[in-house]
Amino acid sequence: MTLRESPCGCLDETRTAAARATAGDAPPRACQGRSRRGRAWAELLRLPALFSVPGDALAGTAATGASPNSRTLLAIASSLCLYEAGMALNDWADRDVDAVERPHRPLPSGRIGPAAALTAACALTGAGLALAAGAGRPALAVAAPLAATVWAYDLGLKHTPAGPVAMGAARGLDLLLGAAATSGTTRPALPSAALLGTHTLAVTTVSRQEAQGGSPLPPLAALATTALLTRLVTRRSYGGPRRGRRPATGHGPAGLPVDRLPGQDSGALLTTALTAAYAATTARPYFHATLNPSPPLTQRAVGAGIRATIPLQAALTARSRGTATALLVAALAPLGARFAKKVSIT
């Protein structure tokens with residue numbers, strides 16, 4: 001960037017007012033002001049964390065054996081709105097605490113007003129419920145308790161022992177939203193929702209001490225949870241053949257016949273690889289936070305836990321035979337990591 005250009009591409013004061021009027025450019029100060037406001041909202045909403053959201057609906061869809069459709073897209077859009085509503089509401093509810101612990105955050109620093117944040121939370125919640133309604137009654141029946149859980153967590157449960165459980169429930173419901181929107185049923189997706197919710201519960205437990213540090217037990221428990229989930233996801237990649245497809249018959253090590261689906265081996269390998277990526281994303285940060293639960297290392301562990309949500313979603317999708325969809329979800333991980341370098345996700 002040269003000295004004659006602002007971060008958003010506007011020329012500086014070397015251009016005359018007449019030239020700006022001719023070219024239709026806005027004054028540099030206005031351009032910089034918009035840039036600062038945009039960054040403030042990006043920080044408030046933690047935009048890079050959005051990359052961890054679409055995989056919920058896609059994993060839920062894969063768990064039902066259905067293919068993604070237009071209702072799946074509506075579920076994803078609904079999830080994005082409800083997720084961001086929770087982000088805005090979180091900072092609004094914690095503005096007094098953040099004024100002491102995180103004065104640089106958008107609300108305590110005065111870059112965004114409390115009324116604007118609360119208005120955004122309400123508008124995003126309404127948009128999320130409207131989008132879910134567009135996907136059908138089953139989707140709305142899941143989105144409504146999801147929205148209620150988000151608001152209950154931010155306004156009352158966050159600082160109670162029920163806080164991590166509520167956050168885990170919210171992530172599990174988000175996965176079920178994709179299943180309900182796409183197929184009209186949630187039952188086949190319950191195991192995947194439980195696994196994803198457990199991961200979120202562990203991350204949330206660690207996040208409760210990210211501002212001041214604390215005990216090594218939460219990151220140690222999160223590390224153990226990661227190991228357990230890795231085992232559970234890879235133990236059984238497939239729950240059986242889809243309806244209408246005949247499994248091919250092969251022979252096991254003892255010569256006994258076993259059922260194998262075309263592509264089952266490659267699907268199992270993909271599930272294993274994605275689960276390994278999930279474990280690798282969290283193992284070192286959790287271990288370091290266990291050895292030294294200081295605020296910087298704890299925050300790094302929380303960030304890793306959030307990023308690890310994506311490979312876990314992809315692994316859950318792959319084990320439900322959603323190979324192509326799993327690869328699509330996995331592709332969101334590097335994008336999220338790239339944008340997280342510009343805006344913090346914690």
Side-chain angles (χ1 to χ4, degrees), residues 39-56 79-80 83-84 86-88 90-91 94 97-98 101-106 153-154 158 163-164 167-168 170-171 174 196-227 229-230 274-315 329-346:
R39 181 171 182 83
W41 279 102
E43 291 178 17
L44 176 73
L45 300 175
R46 297 172 176 84
L47 291 184
L50 283 179
F51 290 95
S52 72
V53 177
D56 289 345
S79 297
L80 292 171
Y83 188 89
E84 291 293 46
M87 291 296 183
N90 174 79
D91 275 29
D94 281 355
V97 176
D98 286 343
E101 297 181 350
R102 297 182 176 186
H104 62 279
R105 291 293 298 164
Y153 173 81
D154 284 333
K158 182 190 308 182
M167 186 59 73
R171 183 65 82 164
D174 201 35
L196 187 60
T198 300
H199 164 73
T200 305
L201 186 154
V203 176
T204 306
T205 302
V206 177
S207 72
R208 291 163 71 91
Q209 60 182 36
E210 63 179 334
Q212 299 178 341
S215 169
L217 292 181
L220 179 61
L223 185 61
T225 300
T226 298
L229 293 178
T230 298
L274 291 170
T275 308
Y278 158 68
T281 302
T282 59
R284 181 177 294 182
Y286 282 162
F287 181 69
H288 287 169
T290 299
L291 295 178
N292 179 15
S294 62
L297 291 181
T298 302
Q299 291 172 14
R300 188 177 302 173
V302 174
I306 295 173
R307 291 193 300 273
T309 302
I310 298 178
L312 178 57
Q313 293 163 337
V329 173
L332 296 174
L335 293 175
R338 178 180 178 182
F339 282 95
K341 295 178 181 179
K342 300 179 180 180
V343 179
S344 175
I345 60 177
T346 62

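Values below: every heavy atom of this structure, side chains too, minus hydrogens, waters and symmetry copies. In this text the structure is predicted, and so the values were computed from the model without any measurement.
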What residues form a side-chain contact (heavy atoms from CB on, under 4.5 Å) with P54, not counting sequence neighbours?
I76, L80, L332

Kindly give the heavy-atom pair with the smallest separation between Y286 and G305, and that separation in Å.
OH-CA, 3.7 Å

Side-chain touch Q299/P295, heavy atoms, less than 4.5 angstrom
yes

Which atom names give the shortest non-hydrogen contact between K158 and R208, and what distance separates them?
O-NH1, 2.7 Å

Looking only at heavy atoms, which two atoms of R171 and V53 are closest? And how far apart?
NH1-CA, 4.1 Å

Which of these, I310, I306, T309, sits in a side chain to side chain contact (heavy atoms under 4.5 Å, CB included) with F51?
I310

Could you work out, with side-chain contact (heavy atoms from CB on, under 4.5 Å) as the rule, every residue matching T204, not counting sequence neighbours?
Y153, P164, M167, T200, S207

Return the set of residues passing side-chain hydrogen bond (donor to acceptor under 3.5 Å, both in side chains) with D98 (not counting sequence neighbours), or none when no residue passes.
none

Can you tell me how far CG of L196 sits from CG of L201, rounded to the nearest 0.5 angstrom?
11.5 Å

Quick one: do R102 and D91 make a salt bridge, cutoff under 4.0 Å?
no

Which residues pass the side-chain hydrogen bond (donor to acceptor under 3.5 Å, both in side chains) test with S79, not counting sequence neighbours?
D174

Where do P216 and P293 come nearest, in terms of heavy atoms and distance?
N-CG, 4.0 Å

Smallest separation among heavy atoms of L47 and E84, with atom names:
CD2-OE2, 3.0 Å

Can you tell me how far CG of L312 sits from OG1 of T275, rounded to the nearest 0.5 angstrom?
7.5 Å

Nearest heavy-atom approach of P48 to G336 is CB-O, 4.1 Å

Tell me whether Q209 contacts the main-chain N or O of S215 through its side chain, where contact means a donor paired with an acceptor under 3.5 Å.
yes

Across all chains, not counting sequence neighbours, the side-chain contact (heavy atoms from CB on, under 4.5 Å) partners of A330 are L274, A314

Residue set satisfying ring pair (Phe, Tyr, Trp, His ring centres under 6.0 Å) with Y278, at least two apart, ordered chain then number -> H199

Between Q313 and S52 (side chain of the first, backbone of the second, donor and acceptor by atom type, cut-off under 3.5 Å), is there such a pair?
yes

Can you tell me if R105 uses its side chain to pair, donor with acceptor, with the backbone of E43 under 3.5 Å?
yes

Checking T298 side chain against A289 main chain: does a donor-acceptor pair fall under 3.5 Å?
no

